[in-house]
Visitor: 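One structure follows; several queries about it will come next.
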Amino acid sequence: MTTDPTTLTLAQLGDATPEKVAARFAEVRERFDQQVAVHSARQDAEEWRGFVVAWTGRKSSVLVHIGDNWLKPAAKELKPIVGQELNKLKAHVEATLEEKRKEIEAAAEQAAAARDQIDLSLPGVERAIGTRHLIRQTFDELLRIFLSIGFSVVEGPEIETPYYNFEALNIPEYHPARDNMDTFYIEGSRAGHLLRTHTSPMQIRTMEKQAPPVRIVVPGKVYRRDNPDSTHGFMFHQIEGLAVDTDITFCDFKGTAEYFVREFLGPKAKTRLRPSYFPFTEPSAEVDATCHVCGGSGCRVCKFSGWIELFGAGMVNPAVYGFVNYDPEKFSGFAFGMGVDRLAMMKYGITELPLLFQNDVRFLRQFP
Ligand code: 2NL
């Protein structure tokens, strides 16, 4: 390996004439130009910085060596020419490096732009859109049916007074019907506010405000103290209905019930009424439909009876009219109440009630 000439003085190199000095500088310049070509072609920012420092750095770069070893100790008569040559070399090196720096930066910018370019042929990101919850779907279906025969929808508060939840519905304090409507009372409420046990309070409130004819359905959450298991919880969803007018008879109720059953379960479903009891209706009935699984021949779902219980109903007890100032001699009507969660479980073959409230998407996505 030959010694780097910039680490020796001109005297040591034997360059004693201006021509020899110029030739020395030309040699360095030649070396620089060759290295620029090599390093700028690499397009490596790190390596490029190293190269720049090796030529122009403040410490032991080529230019510093030349200043220290060629210029400073130069013979007096050579000094001006060495100074001139060094200035020319410096100008050349600096101008070249600046030019190359711009080129390299522009190339890096172009490369980045090419990398970031959007490929319009790639498939898009598909976002999962939600579905209506099965309870919501069932509500919507039930409301559709009742809206189609002239009922309107009314909603109201979940916290009620004992008057609207019990008294006005002909369930006095001592009445045994309160036992299975055991519910949640609001602590500290002097008026004895409670979570409603049915949506009937809204029907009372509607009748208080509005003279017949009344045809409403009231959907919503209701609460009853219960021991939770696979078919019971302390909250369920209900739709109650009420139709009051002059000349409404049990036949109107029966026709409405049959229409509803056929709409909800299909045209082949048959309806059966069984006597029942509610304090707020008289007479009262349970509405059954032929089993939607076996069609009435008997199976596990209907416990081999062929029938499934759908909801409770009856003619509004005249005692209720007394609380809302309706004349029981002039008006009559029917009312019904159905558990939406029960209907959804029955229709879709769900055996575990908690699945409806855990909101596990693996369950929910089965009902798109
Ligand atoms: C059931 C049974 C029923 C009613 C609710 C009602 C409301 C008024 C007057 C008369 Cl304002 N009746 N509602 C009538 C019969 C049955 O619900 O099993 N619900 C889950």
Side-chain angles (χ1 to χ4, degrees), residues 128-156 158 195-203 215-224 226 228-243 253 256-272 285-295 299 301-302 307-313 334-368:
I129 48 170
T131 60
R132 287 173 306 148
H133 191 279
L134 190 59
I135 294 291
R136 184 75 254 159
Q137 292 185 39
T138 310
F139 261 127
D140 289 350
E141 166 71 351
L142 295 170
L143 293 177
R144 178 194 68 76
I145 296 169
F146 289 112
L147 285 168
S148 76
I149 49 175
F151 285 80
S152 9
V153 181
V154 173
E155 287 179 278
E158 291 176 20
L195 296 184
R196 65 183 181 190
T197 61
H198 38 208
T199 63
S200 329
M202 246 353 254
Q203 293 166 291
R215 282 198 304 276
I216 56 166
V217 284
V218 189
K221 286 184 164 75
V222 302
Y223 303 83
R224 296 181 190 182
D226 212 333
D229 64 18
S230 63
T231 54
H232 295 83
F234 55 81
M235 182 278 296
F236 66 98
H237 298 89
Q238 200 193 25
I239 289 188
E240 286 207 17
L242 174 74
F253 164 62
T256 304
E258 282 171 0
Y259 174 80
F260 167 77
V261 168
R262 282 195 302 268
E263 283 289 310
F264 190 61
L265 294 178
K268 286 198 186 127
K270 288 195 180 66
T271 306
R272 174 178 86 172
E286 295 293 335
V287 180
D288 297 344
T290 42
C291 177
H292 58 292
V293 174
C294 63
C299 69
V301 172
C302 59
W307 295 93
I308 301 256
E309 184 182 314
L310 287 189
F311 60 96
F334 63 83
F336 55 86
M338 45 186 75
V340 177
D341 320 68
R342 272 201 65 243
L343 290 178
M345 288 176 74
M346 179 212 82
K347 188 165 174 176
Y348 297 98
I350 296 157
T351 55
E352 305 295 313
L353 178 73
L355 286 171
L356 287 172
F357 306 118
Q358 286 159 351
N359 289 337
D360 185 328
V361 288
R362 291 169 299 180
F363 171 76
L364 296 178
R365 68 158 64 100
Q366 295 175 59
F367 308 97

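Note that the structure is a prediction, hence the values are computed from the model and not measured.
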Visitor: Do the non-hydrogen side-chain atoms of W307 and T290 ever get within less than 4.5 Å of each other?
Guide: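 Yes - at least one pair of side-chain heavy atoms lies under 4.5 Å apart.
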
Visitor: Testing L310, D341, V301, V293 one by one against M346 for a side-chain contact (heavy atoms from CB on, under 4.5 Å), which residue passes?
Guide: L310

Visitor: side-chain contact (heavy atoms from CB on, under 4.5 Å) between T197 and V222: does it pass, once the steps are laid out?
Guide: CA-CA 5 Å; T197 61; V222 302; 5.9 Å; no

Visitor: Of the non-hydrogen atoms in I135 and V340, which two are nearest, and what is the gap between them?
Guide: O-CG1, 4.2 Å

Visitor: Do Q238 side-chain atoms and T199 backbone N/O form a donor-acceptor pair below 3.5 Å?
Guide: yes

Visitor: Applying side chain to side chain donor-acceptor pair (under 3.5 Å) to S200 and E240, what does each step give before you reach the verdict?
Guide: CA-CA 7 Å; S200 329; E240 286 207 17; 2.7 Å; yes

Visitor: Write down the atom of L134, the atom of T138, and the distance for their closest heavy-atom approach.
Guide: O-OG1, 2.7 Å

Visitor: Do the side chain of H292 and the main chain of I308 share a donor and acceptor less than 3.5 angstrom apart?
Guide: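 Not a single qualifying donor-acceptor pair exists.
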
Visitor: Could you tell me whether the side chain of Q137 and the main chain of R132 form a donor-acceptor pair under 3.5 Å?
Guide: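 Yes, Q137 side chain to R132 backbone: donor-acceptor pair under 3.5 Å.
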
Visitor: Between E158 (side chain) and R196 (backbone), is there a donor-acceptor pair under 3.5 Å?
Guide: no

Visitor: Between M235 and F357, is any pair of side-chain heavy atoms under 4.5 Å apart?
Guide: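 A side-chain contact under 4.5 Å exists here.
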
Visitor: Within the distance-only criterion (no hydrogens, no angle test), does the side chain of R272 pair as donor or acceptor with the backbone N or O of E309 below 3.5 angstrom?
Guide: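 Not a single qualifying donor-acceptor pair exists.
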
Visitor: Would you say the ring centroid of F336 lies under 6.0 angstrom from that of F260?
Guide: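 That pair fails the under 6.0 Å test.
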
Visitor: If you round to the nearest 0.5 Å, how far is CG of L364 from CG of L355?
Guide: 9.5 Å

Visitor: For the backbone of P228 and the side chain of D226, can you confirm whether one donor and one acceptor N or O come within less than 3.5 Å of each other?
Guide: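 Not at all, since once roles are kept as given, no pair shorter than 3.5 Å links the two residues.
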
Visitor: What are the two closest non-hydrogen atoms of R362 and Q366, and how far apart are they?
Guide: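 Heavy atoms of R362 and Q366 come nearest at O-NE2, 3.0 Å.
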
Visitor: Is there a side-chain contact between R342 and F311 in this structure, where contact means two heavy atoms from C-beta onward sitting under 4.5 Å apart?
Guide: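 SC-SC contact between R342 and F311 ruled out.
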
